[in-house]
Amino acid sequence: QVQLVESGGGLVQAGGSLRLSCVASGITFSINAAGWYRQAPGKQRELVAGISSGRITNYAASVKGRFTISRDNAKNTVYLQMNSLKPEDTAVYYCNAGGAYRDKYYASPNYWGQGTQVTVSS
């Protein structure tokens with residue numbers, strides 16, 4: 001059974017930083033692409049960043065230059081370093097793994113974490 005467990009969310013002031021972690025189990029993590037998504041109230045879930053098994057990355061335009069996705073295969077973990085946070089980054093952030101990576105990351109419909117809340121105050 002595949003499990004993805006996110007952590008690292010919280011409340012931070014604008015301009016601050018947070019690092020999200022997602023630990024995967026039940027999946028051969030090293031050969032799988034992964035991604036971070038977010039969903040703000042009243043909005044659709046959107047791709048924030050993706051990383052291929054070969055560590056190719058892509059980012060949403062709104063976060064490029066501020067967020068960095070990385071992975072540690074030895075720890076079955078994917079990270080999202082978020083710097084220069086803005087109030088519009090406020091959302092529940094979800095981890096996804098096992099999807100496809102082509103021009104960007106395409107989520108697996110089956111493998112989602114439970115989400116972690118990020119709130120950025122102005």
Side-chain angles (χ1 to χ4, degrees):
Q1 181 179 357
V2 176
Q3 279 194 312
L4 302 173
V5 180
E6 302 103 331
S7 62
L11 173 64
V12 64
Q13 287 190 330
S17 298
L18 285 172
R19 188 175 83 153
L20 305 183
S21 300
C22 172
V23 180
S25 60
I27 189 173
T28 308
F29 183 70
S30 62
I31 64 171
N32 280 280
W36 286 97
Y37 288 74
R38 68 186 180 187
Q39 188 165 19
K43 295 189 176 182
Q44 287 191 332
R45 192 172 296 189
E46 62 174 357
L47 175 67
V48 175
I51 186 165
S52 73
S53 58
R55 292 183 164 82
I56 298 171
T57 59
N58 78 281
Y59 298 91
S62 60
V63 307
K64 196 172 291 186
R66 299 188 296 122
F67 290 12
T68 302
I69 188 171
S70 62
R71 63 191 298 158
D72 184 337
N73 290 337
K75 296 181 179 180
N76 285 356
T77 301
V78 60
Y79 302 99
L80 186 68
Q81 178 67 43
M82 306 186 294
N83 299 329
S84 303
L85 282 161
K86 304 175 181 180
E88 51 264 44
D89 295 318
T90 295
V92 178
Y93 283 70
Y94 297 91
C95 175
N96 184 278
Y101 194 100
R102 294 188 284 272
D103 57 318
K104 61 180 182 180
Y105 182 73
Y106 294 86
S108 160
N110 299 315
Y111 303 147
W112 290 98
Q114 82 287 353
T116 185
Q117 176 71 47
V118 171
T119 303
V120 184
S121 63
S122 58

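Only a predicted model underlies this, so the values are computations on that prediction, with no experimental measurement involved. Heads up: numbering here begins at 1 and tracks the sequence.
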Colleague: About how many Å separate OG1 of Thr77 and CZ of Phe29, when rounded to the nearest 0.5 Å?
Modeller: 6.5 Å

Colleague: Can you see which heavy atom on Gly9 is nearest to which on Thr116, and at what distance?
Modeller: N-OG1, 3.2 Å

Colleague: Can you list the residues that meet the side chain to side chain donor-acceptor pair (under 3.5 Å) rule with Thr68, with sequence neighbours excluded?
Modeller: none

Colleague: Should Val2 and Asn110 count as side-chain neighbours, where that means a heavy-atom distance under 4.5 Å?
Modeller: no

Colleague: Do the non-hydrogen side-chain atoms of Trp36 and Glu6 ever get within less than 4.5 Å of each other?
Modeller: yes

Colleague: Among residues at least two apart in sequence or on other chains, which ones pass side-chain contact (heavy atoms from CB on, under 4.5 Å) with Ser70?
Modeller: Tyr79

Colleague: Nearest 0.5 Å, please: how far is SG in Cys22 from OH in Tyr93?
Modeller: 15.0 Å

Colleague: Linking Ile, Leu, Val, Met, Phe, Trp and Tyr by side-chain heavy atoms under 4.5 Å, what else ends up with Tyr94?
Modeller: Tyr37, Leu47, Ile56, Val92, Tyr101, Tyr105, Trp112

Colleague: Between Asn96 (side chain only) and Tyr111 (backbone N and O only), is there a donor and an acceptor less than 3.5 Å apart?
Modeller: yes

Colleague: What distance do Gln117 atom CD and Leu11 atom CG have between them, rounded to the nearest 0.5 Å?
Modeller: 9.5 Å

Colleague: Tell me whether Arg55 contacts the main-chain N or O of Arg71 through its side chain, where contact means a donor paired with an acceptor under 3.5 Å.
Modeller: yes

Colleague: Tell me, which pairs form a side chain to side chain donor-acceptor pair (under 3.5 Å) where one or both residues lie in residues 8-30, sequence neighbours left out?
Modeller: Ser17-Asn83

Colleague: Using the side chain to side chain donor-acceptor pair (under 3.5 Å) criterion, which residues pair with Glu46? Sequence neighbours excluded.
Modeller: Arg38

Colleague: Just by modelled atom types, is the Ala91 backbone N or O under 3.5 Å from a matching donor or acceptor in the Gln39 side chain?
Modeller: no

Colleague: Hey, quick one: are Val23 and Ile69 part of the same hydrophobic cluster, counting side-chain heavy atoms closer than 4.5 Å, chains of contacts allowed?
Modeller: no

Colleague: Does Gln114 use its side chain to pair, donor to acceptor, with the backbone of Val5 at less than 3.5 Å?
Modeller: no

Colleague: For a side-chain contact (heavy atoms from CB on, under 4.5 Å) check, start with the C-alpha distance between Val118 and Met82, then their side-chain angles and the critical distance, and finish with the verdict.
Modeller: CA-CA 10 Å; Val118 171; Met82 306 186 294; 3.8 Å; yes

Colleague: To the closest 0.5 Å, what do you measure between CG (Asp89) and OG (Ser62)?
Modeller: 7.0 Å

Colleague: Provide the closest heavy-atom pair for Cys95 versus Val78 in the form atom of the first, atom of the second, distance.
Modeller: SG-CG1, 3.8 Å

Colleague: Just how far is it from atom CZ of Phe67 to atom CG of Leu20, taken to the nearest 0.5 Å?
Modeller: 8.0 Å

Colleague: CD1/Ile27 to OG/Ser108 distance, rounded to the nearest 0.5 angstrom?
Modeller: 7.5 Å

Colleague: My understanding is that only residues two or more places apart in sequence, or in another chain, count here; which of them pass side-chain contact (heavy atoms from CB on, under 4.5 Å) with Val12?
Modeller: Leu18, Leu85, Val120

